[in-house]
Amino acid sequence: MSVVPPRSSGREVSIGVFDSGMGGLTVLRALLEAGVADRYLYLGDTARLPYGTKSEATIRRYALLLGHALVERGVEMLVVACNTVSALALDVLASELAIPVVGVLEPGARAAVAAGGPIGVLGTEATVRSGAYAAAIARLAP
């Protein structure tokens, strides 16, 4: 089942993308190239970066603030382009927001496993401490 809203309905489809900074613009570029939506709204929280040095509770609070802000602006799907939020707050976003929410952790883990060989993860303190990448990679390639 696809989490991307269908474009064939004749109505405009809107996707929100957020990151703790500007790195998520690479994710936005990939979405633009794929043409999966008619409208994109990007939110880079440069006022509070880096997220990786914050507590899990703070990261979750920031994620919910950004997620709700984008939903209030009409997005129908949320792409979390922040590894730290994907590792620590994707679950709370998915349960609190009434739209599909996807992160970058699982696709990143799939790409790493597909590449083969040893895998190294560079990330913020919070992302690495969460063990989320190690767990995702272990699920894909036990």
Side-chain angles (χ1 to χ4, degrees), residues 1-7 9 11-142:
M1 180 171 114
S2 174
V3 294
V4 177
R7 293 183 76 187
S9 65
R11 65 178 184 77
E12 190 173 277
V13 174
S14 178
I15 294 179
V17 180
F18 85 76
D19 191 4
S20 60
M22 303 310 285
L25 288 171
T26 58
V27 173
L28 177 59
R29 182 184 319 129
L31 290 168
L32 287 165
E33 289 171 358
V36 295
D38 301 296
R39 182 175 160 263
Y40 301 88
L41 186 57
Y42 184 86
L43 178 54
D45 188 11
T46 58
R48 296 183 284 214
L49 64 80
Y51 278 20
T53 59
K54 312 285 192 277
S55 70
E56 184 173 344
T58 297
I59 293 164
R60 287 174 171 262
R61 187 173 80 246
Y62 291 171
L64 283 170
L65 287 170
L66 297 178
H68 283 295
L70 288 167
V71 168
E72 288 170 8
R73 285 161 182 79
V75 302
E76 300 167 81
M77 178 179 180
L78 180 62
V79 177
V80 178
C82 177
N83 281 296
T84 302
V85 173
S86 291
L88 296 169
L90 205 62
D91 60 338
V92 73
L93 285 167
S95 69
E96 292 279 330
L97 303 178
I99 60 171
V101 177
V102 296
V104 292
L105 196 140
E106 291 294 328
R110 279 195 305 273
V113 168
I119 298 171
V121 176
L122 299 176
T124 66
E125 294 171 40
T127 302
V128 173
R129 214 176 27 248
S130 76
Y133 268 103
I137 290 166
R139 279 193 305 276
L140 294 167

Item checked: For T127, all residues meeting side-chain contact (heavy atoms from CB on, under 4.5 Å), sequence neighbours excluded -> N83, T84, A87, T124, Y133
Next item on the list: List for me each residue that meets side-chain contact (heavy atoms from CB on, under 4.5 Å) alongside T53, sequence neighbours excluded, and say none if there are none.
Entry: P50, E125
Gap separating the [atom1] atom of [X] from the [atom2] atom of [Y], nearest 0.5 angstrom:
X	Y	atom1	atom2	answer
D19	L49	CG	CG	8.5 Å
L25	L32	CG	CG	9.5 Å
L66	C82	CG	SG	9.5 Å
D38	I15	CG	CD1	9.0 Å
R29	Y40	CZ	OH	13.5 Å
L64	S95	CG	OG	7.5 Å

Margin query: side-chain contact (heavy atoms from CB on, under 4.5 Å), that's the test. Do L70 and L41 meet it? Break it down for me.
Written below: CA-CA 8 Å; L70 288 167; L41 186 57; 3.6 Å; yes
Heavy-atom pair of closest approach, residues [X] and [Y]:
X	Y	result
V13	E76	CA-OE2, 3.2 Å
G23	Y42	N-OH, 4.2 Å
A132	L105	CB-CD1, 3.3 Å
R129	G52	NH2-O, 4.4 Å
A63	A89	CB-CB, 3.9 Å
G24	A81	CA-CB, 3.6 Å

Check: Would you say the side chain of K54 lies within less than 4.5 Å of the side chain of L88, judging by non-hydrogen atoms?
Finding: no
Checklist line | Heavy-atom check, side chain of L93 versus side chain of F18, under 4.5 Å | finding: yes
Notebook entry, point to check: Just wondering, more than 12 heavy atoms not from R73 lying within 6.0 Å of its CZ?
Noted result: no
Next item on the list: Would you please test D91 and R60 for side-chain contact (heavy atoms from CB on, under 4.5 Å) and show each step?
Entry: CA-CA 9 Å; D91 60 338; R60 287 174 171 262; 3.1 Å; yes
Checklist line | Carboxylate-amine/guanidinium proximity below 4.0 Å for E106 and R139 | finding: yes
Next item on the list: Starting from the C-alpha separation in whole Å, work towards a yes-or-no answer on side-chain contact (heavy atoms from CB on, under 4.5 Å) for L65 and D45.
Entry: CA-CA 11 Å; L65 287 170; D45 188 11; over 6 Å; no
